[in-house]
A.B. asks: 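Here it is, the structure in full.
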Amino acid sequence: MPSLMVKLYSVIFKYQQKHLLQGLIETPESNKSNPFGITSRPHESIAASNPSFTDGVATKDIRANPYSSLSLRIFLPDTAVTSSLASSYQIPNYGGYSPVEGRSHRKLPVMLQFHGGGVVSGSNESVGNDAFCRRIAKLCDVIVVAVGYRLAPETKYPGAFEDGFKVLNWLAKQSNLAVCGRLGAQNHIFDSFGASMVEPWLAAHGDTSRCVLLGVSSGANIADYVARKAVEAGKRLDPVKVVAQILMFPFFIGRTPTHSEIKLASTYFYDKTMCKLAWKLFLPKEEFNLDHPAANPLVAGRQPPLKCMPPTITVVAEHDLMRDRAIAYSEELRKVNVDAPLLDYKDAVHEFATLDVLLQTPQAQACAEDVSIWVKKYISLRGHEFSY
């Protein structure tokens with residue numbers, strides 16, 4: 001059974017989240033629509049970005065799209081700049097940023113991370129998400145780009161999902177801008193949002209040919225959507241290549257209840273009622289259906305075929321009502337020969353490895369380590385060492 005601390009925090013969490021959801025449901029429709037959108041609620045505790053290598057990771061915030069609230073927080077581990085190997089090449093300058101001279105600077109894989117919160121709350125800049133992304137950046141030795149997608153109900157479906165794919169396209173544009181910058185042509189190139197500014201950390205240290213998607217709870221639904229869109233886009237995304245995805249306690253649901261949805265309907269943190277309210281706030285009124293493709297990954301007719309999906313590791317918890325549907329999705333991927341291992345944690349609850357109050361538990365740390373071991377076989381160097 002979960003510890004007393006988990007049980008107490010669950011009671012507090014559910015009270016606060018139900019109050020938030022009910023308040024959003026009762027808000028007049030005229031006040032819900034906001035095309036620009038919001039990426040954080042007032043109650044969220046936000047961690048400030050820090051460009052210094054605090055605990056081995058530097059962070060910065062950027063606005064990816066001036067026409068919406070879509071934002072990004074970049075986590076750069078110090079392993080990108082601490083190589084002791086001498087460099088014999090001229091160091092390029094990206095937007096005023098140059099790696100330290102006399103060192104070999106590594107290109108690291110890029111991981112897009114989508115936070116949880118039922119698509120109605122959470123933030124890429126929250127204290128918990130900041131700490132989690134720092135842990136993942138260090139353990140996996142990757143540049144993490146945490147996506148601040150637009151929340152519901154201010155932005156309905158498919159807003160948050162489209163934000164995720166926009167960032168993947170933005171990564172492709174950034175890679176091309178970096179090449180143009182080295183060729184001296186940057187000022188004549190514009191990215192999809194009309195800006196010719198290259199992101200210097202990614203230009204200097206990001207290898208988008210080794211891109212990983214990581215989704216937490218509702219963020220896993222977004223990651224799965226982005227993976228599907230990446231498969232459909234194919235070479236149009238070059239040089240970005242999605243080589244793997246990580247789905248942590250995905251926010252899957254469906255009209256016909258599973259065994260876990262019946263048995264754990266009133267379980268810790270997110271219960272069945274809260275899940276339904278969240279989906280009611282996210283989906284347009286005329287599209288509300290628990291078998292909507294955004295909610296249920298195994299509805300008939302979803303494209304592309306599962307056999308085209310990237311290697312996918314799925315994390316589930318014993319006391320999470322959504323576990324059965326996540327397990328079923330993982331099983332269907334394995335049936336079509338996709339590398340799709342399942343990590344099932346005993347006595348664990350929904351978001352046990354990502355919630356701020358649970359991050360220091362042995363289970364949370366073990367989960368992050370388990371994920372990092374698996375993903376490294378898809379982001380290993382394989383000749384991607386770079387010097388300037």
Side-chain angles (χ1 to χ4, degrees), residues 47 49-60 72-83 105-116 122 124-147 171 201-202 205-217 219-220 223 242-250 310-317 339-345 348 351-382 384-385:
S49 60
N50 184 352
S52 301
F53 286 105
T54 304
D55 295 328
V57 179
T59 59
K60 69 157 64 168
L72 307 174
R73 173 163 289 187
I74 302 176
F75 297 78
L76 178 69
D78 61 8
T79 52
V81 296
T82 55
S83 174
H105 300 278
R106 300 171 57 220
K107 289 278 191 177
L108 298 179
V110 177
M111 181 181 288
L112 292 189
Q113 187 263 357
F114 304 96
H115 66 80
N124 64 326
E125 303 172 357
S126 71
V127 171
N129 201 66
D130 183 86
F132 172 71
C133 288
R134 285 176 177 275
R135 171 176 288 173
I136 291 296
K138 288 190 287 186
L139 283 174
C140 296
D141 201 19
V142 297
I143 297 174
V144 175
V145 180
V147 180
L171 275 184
W201 287 5
L202 289 174
H205 304 296
D207 178 7
T208 57
S209 71
R210 296 179 290 161
C211 182
V212 177
L213 307 177
L214 188 160
V216 175
S217 189
V242 175
V243 298
Q245 71 168 336
I246 303 161
L247 305 180
M248 303 185 71
F249 7 89
T312 301
I313 191 169
T314 304
V315 176
V316 296
D339 181 17
L342 181 77
L343 298 179
D344 190 351
Y345 291 86
E351 284 209 56
F352 73 92
T354 53
L355 284 172
D356 51 356
V357 296
L358 303 179
L359 276 173
Q360 299 309 315
T361 62
Q363 268 191 324
Q365 297 182 53
C367 178
E369 291 168 1
D370 293 342
V371 166
S372 71
I373 291 169
W374 177 82
V375 81
K376 280 179 180 176
K377 67 181 178 180
Y378 292 104
I379 58 174
S380 60
L381 208 53
R382 296 196 307 270
H384 285 80
E385 191 71 52

A.B. asks: To the nearest 0.5 Å, how far apart are CG in Leu139 and CD in Glu369?
C.D. replies: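 So the CG of Leu139 and the CD of Glu369 are separated by 6.0 Å.
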
A.B. asks: Not counting sequence neighbours, which residues clear salt bridge (Lys or Arg N to Asp or Glu O under 4.0 Å) with Asp55? List them please.
C.D. replies: none

A.B. asks: Could you measure the distance from the CD1 atom of Ile143 to the CZ atom of Phe75? Nearest 0.5 Å is fine.
C.D. replies: 12.5 Å

A.B. asks: Evaluate the side chain to side chain donor-acceptor pair (under 3.5 Å) criterion for residues Thr79 and Asp141: first the C-alpha distance (whole Å), next the side-chain angles of each, then the deciding distance (0.1 Å), finally the verdict.
C.D. replies: CA-CA 7 Å; Thr79 52; Asp141 201 19; 2.4 Å; yes

A.B. asks: Return the OG1 to CZ distance between Thr59 and Phe53, rounded to the nearest 0.5 Å.
C.D. replies: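 It is 10.0 Å, given to the nearest 0.5 Å.
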
A.B. asks: Which is it for Val216 and Phe249 under the side-chain contact (heavy atoms from CB on, under 4.5 Å) test, yes or no, and what are the steps along the way?
C.D. replies: CA-CA 6 Å; Val216 175; Phe249 7 89; 3.8 Å; yes

A.B. asks: I need the minimum non-hydrogen distance between Val243 and Pro311, along with the two atoms involved.
C.D. replies: O-CD, 3.3 Å

A.B. asks: Can you measure from CD (Glu351) to OG (Ser217) and round to the nearest 0.5 angstrom?
C.D. replies: 4.5 Å

A.B. asks: Output yes when a side-chain donor or acceptor of Arg210 lies under 3.5 Å from a complementary backbone atom of Val242, and no otherwise.
C.D. replies: no

A.B. asks: Cys211 pairs by side chain to side chain contact (heavy atoms under 4.5 Å, CB included) with which of Leu171, Ile379, Val145, Val142?
C.D. replies: Leu171

A.B. asks: With distance as the sole test, does Gln365 use its side chain to make a donor-acceptor pair with the main-chain N or O of Gln360 at under 3.5 Å?
C.D. replies: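 Yes, the answer is positive, given that a donor and an acceptor are paired below the 3.5 Å cut-off.
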
A.B. asks: Keeping Thr312 on the side-chain end and Pro310 on the backbone end, is there a donor-acceptor pair under 3.5 Å?
C.D. replies: yes

A.B. asks: As a quick check of understanding, evaluate side-chain contact (heavy atoms from CB on, under 4.5 Å) for Leu343 and Trp374, giving each step before the final call.
C.D. replies: CA-CA 11 Å; Leu343 298 179; Trp374 177 82; over 6 Å; no

A.B. asks: Is there a side-chain contact between Phe352 and Val315 (heavy atoms, below 4.5 Å)?
C.D. replies: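 Yes, at least one pair of side-chain atoms sits under 4.5 Å.
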
A.B. asks: In Å, rounded to the nearest 0.5 Å, how long is the span from CD1 of Ile246 to OG of Ser372?
C.D. replies: 9.0 Å

A.B. asks: Of all the heavy-atom pairs spanning Ala366 and Tyr345, show the shortest one and how long it is.
C.D. replies: O-OH, 4.3 Å

A.B. asks: Applying side-chain contact (heavy atoms from CB on, under 4.5 Å), run through Leu72 and Val147 and close with a yes or a no.
C.D. replies: CA-CA 5 Å; Leu72 307 174; Val147 180; 4.1 Å; yes

A.B. asks: What distance do Thr354 atom OG1 and Leu359 atom CG have between them, rounded to the nearest 0.5 Å?
C.D. replies: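 Between Thr354 OG1 and Leu359 CG, I get 7.0 Å after rounding to 0.5 Å.
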
A.B. asks: If you look only at distance, which donor and acceptor atoms sit under 3.5 Å apart when one is on a side chain in residues 125-134 and the other is two or more places apart or in another chain?
C.D. replies:
unit_1 : atom_1 : unit_2 : atom_2 : d
Ser126 : OG     : Ser123 : O      : 3.3
Ser126 : OG     : Asn129 : N      : 3.1
Asn129 : OD1    : Gln113 : NE2    : 2.8
Asn129 : ND2    : Gln113 : OE1    : 3.2
Asn129 : ND2    : Asn124 : O      : 3.3
Asp130 : OD1    : Arg73  : NH1    : 3.0
Asp130 : OD2    : Arg134 : NE     : 3.0
Arg134 : NH1    : Thr54  : O      : 3.1
Arg134 : NH1    : Val57  : O      : 3.0

A.B. asks: Do Leu108 and Asp207 pass the side-chain contact (heavy atoms from CB on, under 4.5 Å) test, and can you show the C-alpha distance, the side-chain angles, and the key distance before you say yes or no?
C.D. replies: CA-CA 5 Å; Leu108 298 179; Asp207 178 7; over 6 Å; no

A.B. asks: Apply salt bridge (Lys or Arg N to Asp or Glu O under 4.0 Å) to Asp356 and list each qualifying residue two or more places apart in sequence or on a separate chain.
C.D. replies: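 Asp356 satisfies salt bridge (Lys or Arg N to Asp or Glu O under 4.0 Å) with no other residue.
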
A.B. asks: So if I apply the side chain to side chain contact (heavy atoms under 4.5 Å, CB included) rule between Met248 and each of Leu214, Ile313, Val316, which one comes out positive?
C.D. replies: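 Only match with Met248 under side chain to side chain contact (heavy atoms under 4.5 Å, CB included): Leu214.
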
